[in-house]
Amino acid sequence: MVKKSLKNISSSKDIPIPKKLLDQVIGQEHAVEVIQKAAQQRRHVLLIGEPGTGKSLIGVALAELLPKEKLVDTLSFANPHDENKPLIRTVPAKEGREVIQKSKNEKGLGGQNIFFLILALIAVISPWWIRSHYAATDGVVAANILFAATFLGGMIFLIGIIIMINMSKRISLKSSSPKLIVDNADVQTAPFFDATGSHAGALLGDVLHDPFQSGGLGTPAHERVVAGMIHKAHMGVLFIDEVGTLHPTSQQELLTAIQEGKFSITGQSERSAGAMVRTEPVPCRFILIAAGNLDSIKDLHPALRSRIRGYGYEIYMRETMKDTPENQFKIAQFVAQEVTKDGKIPHFSKKAIEFIIQEARRRANRKGHLTLRLRELGGLVRSSGDLAKSEKAKLVEVKHIVKAKQLARGLEQQIADRYIENKKEYDVIVTSGHRVGRVNALAVIGGGGSYSGIVMPIESEVTPGGKSVKFNATGKLGEIAKESVTNVSAIILKYFGEDIKDKHDIFVQFLQTHEGVEGDSASLAIATAIVSALKGIPIKQEFGITGSVSVRGETLPVGGVTAKVEAAIEAGLPYVLVPQSNLNDIVLEKDQLAKIKIIPVNTLLEVLEHILDWSNHKKLLAQLKKAA
């Protein structure tokens, strides 16, 4: 077996694309193993994970593993005993069309063709006979008048007969010819249907409304039956992403379909004539691939989840994979797959592939890992390819990717850039000088692979208080952010309890956070601002800071560190303090690293030593070191 390595390639064109879809799944080895077992034993699967981690690809790959020879066509027949209960029959795939054609042939014109021909001949010949007969006895004028009257009358009579017979034929065909509601004649693999966001009718089937319900003009009930995706996915795969968004009633009926392996079709609207129709049970033995994020679980019907868990598997999709040479090649394979799938963009050079791998490190937000949120990474691949194609380049180079990152920035990044620009314009963000009680905290907006950093100034003020110390935090804070302020209060009480007891109230404000603040990554900044305000020690405004802090004063890691440091660079901050445990999570280009000094810290005391101006408070610093 040849060891896969980037050393053996010059561009993504040299990377072979696996023929099987399951082999194109990147970094989800556990999920692939489970899917193979699910295909063999026809088990249901619940995939939980962030968007863009390969859930839908896994569903399609499962359908590819299933055998095709068991596929059937489903037909709806008229019920001679109860027109509102159409009969359902199945035949092997491709035979459904033959049944329909055979039925139409049996109900053809037969001897009626000769009858029509005789009528047509009489209608055409009789006016001429009348004209010649009466021309000799009553004159030419009278003969012509009789000719015209006979000809027009004959034509009207003939047309009327044809219309009546055609209507009779149509009604006869409707009442007896079956309808093919599931057609697998052209299906090459086991059916795969993506029912994400489908309404009840599309998912479970429907019976259409009939506006002509009287006078013999109505459409027979079996002709109005429409199969749902659960029926079309019979012996195949039904994929539903964000399954928790399905209406509880639809979830319950989906459960019934899974349990019984068949489900009757009825009209979904109570005010429709279709609501009176209910077919015989229609086969729907499918494998359900339900997907969603962690929040979806609470909205998932308990019985439906129990059924999946009892008769299938639950998988939590990985968001990152270890940064090894083997996994780096998998990212390169992903690039080649995206180029091939797009079919319009050029291949990537080796250096461009290495840059994409570096971008995968940056987006992982975790040291020693590569991101598996590949949908966003695929967007960068296509944007870079578009730029290269517009320049008529043979290969996508690093310069195209760099330019694409600027042109195809996500909404979060555009909002973050505008946020920093506006705050600097109105001096909300200060990047020089010293100020008491004011600190430049670093935060992120977005989530997952769409983190974008912002600089979020925090100010604190200490005022005379009542009998107990009170901490007040403002700025549209979320629950976790409020809890982080409370945790910081324990540290302040530990270091300065005697100074503030019975004397002060402490206020903390997140400046102009109209969009709200959530998370505890500003804990270090909050503690710094409070200490500065309490003791009147200026804070160096050229520092940015991020990180959480424990009640014992130790720094804790936070997410989105790379995006936060990039925001500090964008704002013009020359220094940034980050938790020591986050240091290896930061992935920056060389030109970015040259613009900023990253200082790792382990404790709150280290933060205070770096960021506060101790010129006139050296004695207090010594006391803090002793207390720590």
pair Val237-Val60: side-chain heavy atoms closer than 4.5 Å: no
Are side-chain heavy atoms of Ile258 and Leu304 found at a separation under 4.5 Å? yes
Report, as yes or no, whether the 6.0 Å neighbourhood of atom NZ on Lys350 holds more than 12 heavy atoms from other residues, nucleotides or ligands. yes
Using modelled atom types and a 3.5 Å cut-off, is there a donor and acceptor pairing between side-chain atoms of Gln251 and backbone atoms of Asp299? yes
Flag the pair Leu254 / Leu246 as yes when at least one side-chain heavy-atom distance between them is below 4.5 Å, and no otherwise. yes
Looking at Glu83, I want to see if its CD is surrounded by more than 12 non-hydrogen atoms of other residues, nucleotides or ligands under 6.0 Å. no
Which heavy atom of Gly205 sits nearest to which heavy atom of Ile265, and what is that distance? C-CG2, 3.7 Å
Measure from NZ or CZ of Arg307 to the centre of the six-membered ring of Tyr311 and say whether it is under 6.0 Å with the direction within 45° of the ring axis. yes
Give a yes or no on whether Arg366 atom CZ has more than 12 heavy-atom contacts from other residues, nucleotides or ligands under 6.0 Å away. no
Check whether any side-chain heavy atom of Ile353 sits under 4.5 Å from a side-chain heavy atom of Ile9, and report yes or no. yes
Would you say Leu380 and Ser384 make side-chain contact, with heavy atoms under 4.5 Å? yes
Decide, yes or no, whether a salt bridge links Lys94 with Glu98 under the criterion of side-chain N to carboxylate O below 4.0 Å. no
Stepwise salt bridge (charged side-chain N to carboxylate O under 4.0 Å, His left out) test for Lys330 and Glu29: CA-CA 12 Å; Lys330 290 180 180 178; Glu29 287 77 12; 2.3 Å; yes
Determine whether Lys351 and Ile401 make a side-chain contact, defined as any pair of heavy atoms from C-beta on separated by less than 4.5 Å. no
Side chains of Ile100 and Ser177: closer than 4.5 Å at any heavy-atom pair? no
Thr340 side chain to Ala336 backbone, donor-acceptor under 3.5 Å: yes
Among Arg361, His369, Lys367, the one residue meeting side-chain hydrogen bond (donor to acceptor under 3.5 Å, both in side chains) with Asp323: Arg361
